[in-house]
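For the numbers below, each heavy atom of this structure counts, side chains included, while hydrogens, waters and symmetry mates do not.
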Amino acid sequence: MEAVFNISLPTSWEELSDKQLLLVYELFARDLSAAEVKTLCLMKWNRLKVLGQLPDKRFLIKKKGEPEVALSVRQVQQATSVLDFLDSFAPMPVRISHIGRHKAIAADFEKVPFEQYLYVDNLFQGYLNTQQDELLVQIAQVLYASDLVKPTKAHLIGVFYWMASLKQYFAQLFSNFYKSAPTNEDGGSLGDEQANLFNKLRDTTNSMIRALTGGDITKEALIMKMDTHRALTELDAKAKEVEEFRKSESRNKLA
């Protein structure tokens, strides 16, 4: 019978502590393979140390306070499969709660003003198209509510994962609005040319504001202070109304 250690591993993004999230993002920053990241997390979180390599693809492993054990590659792979959730973005947004003394806003943007969401969303779309880390730094300054925040490379990867999971979460929560979001003629993401990109982002933002204000400019300040979830709920409802109207018009034309 093969000897094994008793190990403990998180089974979802939501279970990761700040310290564990930071380790994951630090490993991501090193451009390691998924298998390497999971193996290093397994070793670190269970205080395991590789003492040497043995024949037949086995390793001599030491756990603090326990005897040495020979583990096969297969056993390690079985153990790290619990961490397969790291291969995808978190279904619910997660984030490191602090960078230094700077505290993060709500991970799901609950009670966050709509204007803040619009700002970071534009920056995030810009980053997706330009890959400029400075845009992630600007996002971090908003998400951690300070221009003095000093994110490391690992923190910036955490900011990227936070925003990506937030967008994925909103796409599911407000599916009517996000399925009608504008794309280029090929059905892909917004254009690659920077000037054209930011013009489109500006137009998209203005369209959202007009939809919420009904064209009444006096309501704009109130809309920008509205809770992000409330604003997106309204946009989702309006998108649904538009889609239902289009379907009704199409049926009437066929009648």
(Q) What verdict does the side chain to side chain contact (heavy atoms under 4.5 Å, CB included) test give for His155 and Leu22, after you've listed the backbone C-alpha separation in whole Å, the side-chain angles of each residue and the deciding distance to 0.1 Å? (A) CA-CA 7 Å; His155 287 132; Leu22 185 58; 3.8 Å; yes
**Q.** Evaluation steps, side chain to side chain contact (heavy atoms under 4.5 Å, CB included), between Val24 and Tyr161
**A.** CA-CA 11 Å; Val24 169; Tyr161 267 72; over 6 Å; no
Q | Candidate pair Phe124 and Phe160, rule ring-ring contact (aromatic ring centres under 6.0 Å, His included), full reasoning | A | CA-CA 8 Å; Phe124 185 63; Phe160 174 82; 5.7 Å; yes
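For the atom pair SG (Cys41) and CG (Leu23), the distance works out to 4.5 Å, reported to the nearest 0.5 Å. Going from atom CD of Gln141 over to atom CG of Leu123 covers 9.5 Å, rounded to the nearest 0.5 Å. Interatomic distance, Leu40 CG to Leu27 CG, rounded to the nearest 0.5 Å: 5.5 Å. Separating the CD1 atom in Ile7 from the CZ atom in Arg47 is a distance of 13.5 Å, to the nearest 0.5 Å. For the atom pair CD (Glu234) and CZ (Phe174), the distance works out to 10.5 Å, reported to the nearest 0.5 Å. Rounded to the nearest 0.5 Å, atoms CG (Asp236) and CG (Leu173) are 8.0 Å apart.
When all heavy atoms of Ile61 and Val50 are compared, the closest pair comes out as CD1-CG2, 3.6 Å. Closest approach of Tyr144 to Ala104, counting heavy atoms only: CE2-CB, 3.4 Å. Closest approach of Asp133 to Lys153, counting heavy atoms only: OD2-NZ, 3.4 Å. Nearest heavy-atom pair across Thr228 and Pro113 is OG1-O, 3.3 Å. Closest of all the heavy-atom pairs between Gln20 and Glu15 is OE1-O, 3.7 Å. Across all their heavy atoms, Leu54 and Ala70 have their closest contact at CD1-CB, 3.6 Å.
In this structure, His229 and Phe170 have perpendicular ring planes: the angle between them is above 60°, well past the 30° mark. The aromatic rings of Trp13 and Phe85 sit perpendicular, their planes meeting at an angle over 60°, well past the 30° parallel limit.
Using a distance-only test at 3.5 Å, with no hydrogens or angles considered, a donor-acceptor pair links the side chain of Asp227 to the main chain of Lys111. Using modelled atom types, one side-chain atom of Glu36 and one backbone atom of Ser33 make a donor-acceptor pair closer than 3.5 Å. When atom types are taken as modelled, the side chain of Arg95 and the backbone of Leu143 share no donor-acceptor pair closer than 3.5 angstrom. Gln131 contributes a side-chain N or O that, together with a main-chain N or O of Tyr127, makes up a donor-acceptor pair within less than 3.5 Å. Not one N or O on the side chain of Gln116 forms a donor-acceptor pair closer than 3.5 Å with the backbone of Val112. For Glu66 (side chain) and Lys63 (main-chain N/O), no donor-acceptor pair under 3.5 Å exists by modelled atom type. In terms of modelled atom types and a separation under 3.5 Å, the side chain of Asp108 and the main chain of Pro93 share no donor-acceptor contact. Within the 3.5 Å criterion, the main-chain N or O of Gly126 finds a donor-acceptor partner in the side chain of Thr130. With hydrogens and angles ignored, the 3.5 Å screen pairs no side-chain donor or acceptor of Trp162 with any backbone N or O of Ile96. Between the side chain of Asn46 and the backbone N or O of Leu9 there is no donor-acceptor pair closer than 3.5 Å.
A 4.5 Å side-chain heavy-atom check between Met92 and Tyr169 finds at least one atom pair inside the cut-off. Met43 places none of its side-chain heavy atoms less than 4.5 Å from the side chain of Lys49. Using a 4.5 Å heavy-atom cutoff, the side chains of Ser165 and Val94 are not in contact. Contact check for Pro10 versus Leu83: side-chain heavy atoms found under the 4.5 Å cut-off. Residues Tyr117 and Val142 form no side-chain contact, since every pair of their non-hydrogen atoms from C-beta on lies 4.5 Å or further apart. Using a 4.5 Å heavy-atom cutoff, the side chains of Leu48 and Lys62 are not in contact. Side-chain contact between Ile157 and Val159 is absent, with no heavy-atom pair separated by less than 4.5 Å. Using a 4.5 Å heavy-atom cutoff, the side chains of Leu148 and His102 are in contact.
For the residue pair Ser81/Gln77, the side-chain donor-acceptor check at 3.5 Å is not satisfied.
The hydrophobic clustering, which links ILVMFWY residues whose side-chain heavy atoms are closer than 4.5 Å, places Leu32 and Leu86 together. Under a hydrophobic-cluster definition in which Ile, Leu, Val, Met, Phe, Trp and Tyr are linked whenever side-chain heavy atoms come within less than 4.5 Å, directly or via other members, Val73 and Val69 are assigned to the same cluster.
The pair Glu26-Arg30 fails the salt-bridge criterion, with no side-chain N (NZ, NE, NH1 or NH2) lying under 4.0 Å from an Asp/Glu carboxylate O. Salt bridge annotation for Lys38-Asp84: present, with a cationic side-chain nitrogen under 4.0 angstrom from a carboxylate oxygen.
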